[in-house]
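All chains are named by letter (A, B, ...) in the order of the sequence lines, taking the proteins before the strands, and each is independently numbered beginning at 1.
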Amino acid sequence: MEGRILEVRISVNGVDHQSDVEPRTLLVHYLRENLSLTGTHVGCETGYCGACTVIVDGRAVKSCTMFAVQADGASIQTVEGVADGDELHPVQEGFWECHGLQCGFCTPGMIMSSIALLEENNDPSEAEIRHGIEGNLCRCTGYHNIVRSVQYAGAKMRGESPQGASQEVSS
Amino acid sequence: MSTTSVMGGVVRRKEDPSLIQGKGTYVDDIKRHRELATAFVRSPFAAAAINSVDASAALALEGVHAVYTIDDVRHLGLNPAQVAVGTLRPFLADGVVHHVGEAVAMVVADDPYIAKDAADLVFVDYEPKDAVVDLKEAYADTVQVHDGISNTLLTWAGNAWWEGVIDLPDPSPGIQEAKERDDTVVVSLEMVNQRLIPTAIEPRAVLADWNSGYDSVELWSSSQIPHAVAGAIGMTFGIPSNKVRVVAPEVGGGFGLKLNVYPDEILCCYASRALGRPVRWTETRREASVASIQGRGWIGTSTITGTRDGKILGYELDAICDMGAYTHNFTVAIPLLGLFVAPGQYDIPTSYALHCVVTNKPTTDAYRGAGRPEAAYYLERIIDAFAREIGMDPADVRKANYWKPDQFPVTTQIGLTMDTGDYATNLDSLLERVGYEDLKAKRDAARAEGRLLGIGLSTYVEVCGFGPSALAGLGFSWAGYGLPTAFNGSGVVRVQPDGTCTVTIGTGPSGQGHETTWAQIVSDGLGIVMDNIEVQHGDSLDSPVGVGTFGSRSLAVDGTATYEATTRVKEKAAIIAGHLLEAAPEDVQFQDGGAHVAGSPDRSVAWAQIAESAYQPHTLPEGVEGGLESSVVFSPPNATWPFGSHLALVEVDPETGDVDLLEYWATDDCGNVINPMIVDGQVHGGIAQGVAQALFEEAIYDDVGNLLTSSLADYPLPAAENLPMFNLDRTVTPTDVNPLGVKGIGEAGTIGSAQTIVNAVVDAVSHLGVKHIDMPLRPKRVWQAIEDARK
């Protein structure tokens with residue numbers, strides 16, 4: 001199979017791409033190697049860690065469990081495409097304000113899952129947030145501040161004026 | 001955001017804008033022109049002789065450039081180690097393999113897909129041998145892992161590389177006498193502190209580019225210790241340190257696993273030199289489970305002898321510690337680190353025997369806490385058992401045996417000096433915040449209804465911030481990597497000609513927020529706004545010394561170096577500003593982006609003007625040299641000793657054994673705090689890893705040494721649904737070993753938490769007759785313990 005090349009047409013962050021790929025090329029490798037969009041990370045290659053999460057036609061997908069050829073004709077959003085120019089997406093802002101990241105490696109996937117969650121329900125309970133990001137593993141934060149970040153982003157998306165980490169830290 | 005009075009304040013991280021937009025640069029994000037990719041052929045056996053390696057089919061595959069075996073790299077020697085006690089690892093297996101996953105051959109090809117295809121085509125003829133997996137069998141020398149003795153500072157026979165025996169097997173007379181007294185109680189438990197796989201979410205990645213024209217090499221590596229890697233490369237290839245640049249860019253989590261020099265780092269340099277092209281290797285998750293280091297892996301018995309009023313008259317710990325198949329960076333020194341804190345916060349007689357044995361499993365080395373979580377676990381579990389035995393509250397037993405604040409500095413039994421501590425105040429602060437008495441009443445009420453609620457408490461003391469240069473005499477130096485440096489820190493502070501500032505430090509973050517914290521230190525000292533300070537790190541050629549980010553040491557050591565460098569820059573800047581303002585240097589104050597004369601805020605000058613003068617020497621006062629920078633190497637007089645108290649409330653489902661972690665409180669004391677938001681984040685993550693050990697994670701091997709948990713499907717990292725919010729607080733007992741008064745916080749959460757959870761679960765089921773359950777406390781194990789106790 002490895003010798004065969006197929007043509008795909010994929011829209012990524014609003015830009016149309018036409019590329020030749022091997023059938024076995026994973027979507028995450030296509031994004032990283034063919035398009036140089038290295039914000040989407042590879043953490044486990046088995047669909048457990050979620051570092052490779054992107055949004056495909058509106059749904060959060062782990063891009064290491066999908067071939068590039070399966071995304072033919074799809075519209076994909078990666079972490080590079082969520083800010084509006086210089087204006088951060090509320091979820092990005094939440095992660096910054098609430099110290100929702102440490103090493104940052106899981107963060108792009110975590111942000112994409114959080115966006116997918118909040119676009120479905122912008123006022124989730126803590127339990128709904130924890131359930132919504134259960135497919136994304138973080139080894140640094142213990143999730144405490146990630147939950148806070150998503151809560152911040154939800155409030156922002158509802159038009160409220162949330163407070164960042166300075167409101168909570170211990171004395 | 002741009003504030004100048006920032007020490008101790010919450011400041012959003014400077015690191016984050018790039019990371020939240022997918023613009024952070026990790027090793028795998030870097031591309032070099034004409035780079036090649038690598039895959040390793042790894043042993044499927046834990047112990048086997050290698051009869052032959054046939055790479056002909058792999059070499060015949062289009063796009064394959066080379067297949068290397070030990071015959072190609074034997075002349076490079078062995079993979080270096082800092083504490084070279086035990087058997088060093090060959091760069092590729094040399095006629096024999098000692099654990100599953102050991103690299104036998106290295107394939108270099110046009111891309112990773114071809115490299116993996118080719119690796120599958122390499123035929124290795126193995127002759128399997130008996131492997132030793134169980135720790136007690138290893139210690140009994142039923143199978144000897146290594147045939148010969150070589151390349152070690154010490155000599156040994158059998159599988160025990162090093163035995164840290166203090167008082168045993170001839171126990172201290174005081175403890176023996178206490179055991180024989182009529183009024184004492186002796187409580188003993190054998191417990192397992194299981195092997196763990198550190199599991200940074202970013203797998204390790206390496207990219208080497210050897211330029212034969214300059215005869216120099218650049219290596220990008222996801223490492224906590226770029227300077228040590230550079231030293232090892234220089235030593236291995238015989239080139240000076242100024243010809244080796246090792247860069248650790250963004251590092252996606254470390255936790256100790258990236259605190260090693262690995263063969264792949266050396267081998268990629270070798271291949272790049274041999275092939276004249278850049279060579280990359282990126283670890284797969286399954287490789288990460290067998291080819292990087294693992295952590296913990298002790299089986300031991302702890303014993304307390306004490307009176308019924310809670311006074312402890314002796315603490316004994318006798319444990320076998322799993323080293324795995326080869327020595328890496330610290331390996332045998334990890335149990336030694338545990339010994340440093342084995343008596344915890346207590347003024348009690350102690351006696352230890354730690355047996356470091358080799359097994360046919362991947363190497364163990366530092367994993368977050370590194371010996372100290374193990375030590376805290378054995379001590380704090382047995383204190384709980386002792387409290388239960390004598391019917392005393394576990395908090396009261398602890399307080400009855402604490403070192404008192406006025407006893408500091410305390411000299412421990414093995415001769416170390418603990419800097420500062422106020423343990424009872426810290427514990428009382430926690431208990432008051434928790435509402436301990438009410439919580440116990442709630443637990444008891446629930447128990448009366450048949451619900452199994454449990455409260456677990458643990459206190460801990462950590463030793464970190466390494467460390468004094470004198471430790472070099474104990475083998476804690478970089479000499480094993482060809483670098484004649486002790487555990488120093490370095491900081492270079494430079495005011496640029498435009499008045500902005502660059503700070504270059506000897507350690508780099510793998511998530512700890514160095515860029516922000518260091519900028520706060522410099523901003524506070526110089527009054528340069530945060531946005532105008534850039535912190536550079538992770539480049540072995542940029543700072544004079546870099547020991548690395550581990551052992552909760554960066555701030556206490558490298559942070560102090562930066563603080564001292566800041567002070568020196570400030571002294572010179574005061575002379576220049578005083579000259580510009582026609583004032584005495586001692587009257588110059590720095591804040592809000594410039595300097596002014598004390599008491600006369602209007603007489604001010606901006607940093608841009610001070611810098612402009614500094615770089616135009618003709619404008620400077622007589623005798624003042626041009627430029628405005630300082631480079632400081634700091635060697636602390638001692639390590640630091642943070643401490644804290646943790647408390648958990650759990651509920652056990654009697655039908656399923658499932659443990660629900662309902663609440664978690666921690667009151668830690670890491671001395672002074674620069675950025676409380678970052679410190680809290682470190683504690684959150686640390687607790688999560690301790691809870692992970694207590695409830696979920698275990699590296700499981702079968703009888704012949706196969707790792708059964710080599711994917712994230714089998715090795716369950718906690719997800720968001722598995723953890724609660726954490727209730728944190730602090731007490732502040734500054735250290736006196738550095739001028740910042742800071743101690744370190746990276747590992748505290750992990751050291752304090754695993755036994756807190758186990759103590760809570762055992763508390764929930766102790767009235768049913770359960771005395772102990774080994775980690776991880778998965779439902780089946782808890783359910784079985786309840787069932788066994790009922791019989």
Measure distances from [X] to the heavy atoms of chain A and classify the residue's part below 4.5 Å as side chain, backbone, both or neither.
{"X": "B:Pro198", "answer": "backbone"}
{"X": "B:Ala692", "answer": "side chain"}
{"X": "B:Phe255", "answer": "side chain"}
{"X": "B:Asn722", "answer": "neither"}

Hey, which of [options] has the most heavy atom pairs under 4.5 Å with chain A?
{"options": "B:Gly253, B:Ser510, B:Gly681", "answer": "B:Gly681"}
{"options": "B:Ala688, B:Gly513, B:Gly252", "answer": "B:Gly252"}
{"options": "B:Pro509, B:Gly254, B:Ala200, B:Pro718", "answer": "B:Pro718"}
{"options": "B:His684, B:Glu250, B:Arg285, B:Arg368", "answer": "B:His684"}
{"options": "B:Glu283, B:Gln689, B:Gln512, B:Glu15", "answer": "B:Gln689"}
{"options": "B:Ala288, B:Pro724, B:Ser711", "answer": "B:Pro724"}

With a cut-off of 6.0 Å (strictly less than), are more than 12 heavy atoms of other residues, nucleotides or ligands near CD of A:Glu87? no

Under 6.0 Å from the CD atom of A:Glu120, do we count more than 12 heavy atoms belonging to anything else shown? no

Identify the two heavy atoms, one from [X] and one from [Y], that lie closest to each other, and give their separation to 0.1 Å.
{"X": "A:Ile10", "Y": "A:Ala68", "result": "CD1-O, 3.7 Å"}
{"X": "B:Gly508", "Y": "B:Thr549", "result": "O-OG1, 2.6 Å"}
{"X": "A:Cys49", "Y": "A:Cys44", "result": "N-SG, 3.3 Å"}
{"X": "B:Val732", "Y": "B:Gly671", "result": "CG1-O, 3.5 Å"}

Selection from [options] maximising heavy-atom pairs under 4.5 Å formed with chain B:
{"options": "A:Glu80, A:Arg32, A:His41", "answer": "A:Arg32"}
{"options": "A:Gly81, A:Gly43, A:Gly39", "answer": "A:Gly43"}
{"options": "A:Asn145, A:Thr46, A:Leu137", "answer": "A:Leu137"}

Interatomic distance, [X] atom [atom1] to [Y] atom [atom2] [nearest 0.5 angstrom]:
{"X": "B:Ser289", "Y": "B:Tyr715", "atom1": "OG", "atom2": "OH", "result": "8.5 Å"}
{"X": "A:Leu31", "Y": "A:Thr25", "atom1": "CG", "atom2": "OG1", "result": "11.5 Å"}
{"X": "B:Lys258", "Y": "B:Arg204", "atom1": "NZ", "atom2": "CZ", "result": "8.5 Å"}
{"X": "B:Asp668", "Y": "B:Ile687", "atom1": "CG", "atom2": "CD1", "result": "6.5 Å"}

With a 4.0 Å cut-off on N to O distance, would you call B:Lys31 and A:Glu33 a salt bridge?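 Between A:Glu33 and B:Lys31 there is a salt bridge, with a charged N closer than 4.0 Å to a carboxylate O.
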
Charged N to carboxylate O below 4.0 Å: is that the case for A:Glu126 and A:Arg130?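 Here A:Glu126 pairs with A:Arg130 in a salt bridge, since their nearest N and O are under 4.0 Å apart.
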
Does any backbone or side-chain atom of [X] lie under 4.5 Å from a heavy atom of chain B? Answer side chain, backbone, both or neither.
{"X": "A:His89", "value": "neither"}
{"X": "A:Ile129", "value": "neither"}
{"X": "A:Glu45", "value": "side chain"}
{"X": "A:Val42", "value": "backbone"}

Positive for side-chain contact (heavy atoms from CB on, under 4.5 Å) with B:Asp729, one of B:Thr667, B:Asp680, B:Val434, B:Leu430: B:Thr667

Tabulate below the donor-acceptor pairs under 3.5 Å that side-chain atoms of residues 104-111 of chain A make, not counting sequence neighbours, or state none.
unit_1: A:Thr107; atom_1: OG1; unit_2: A:Gly104; atom_2: O; d: 3.3

Proximal to chain A - members of residues 16-26 of chain B, heavy-atom separation under 4.5 Å: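 Result: B:Asp16, B:Pro17, B:Leu19, B:Ile20, B:Gln21, B:Gly22, B:Tyr26.
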
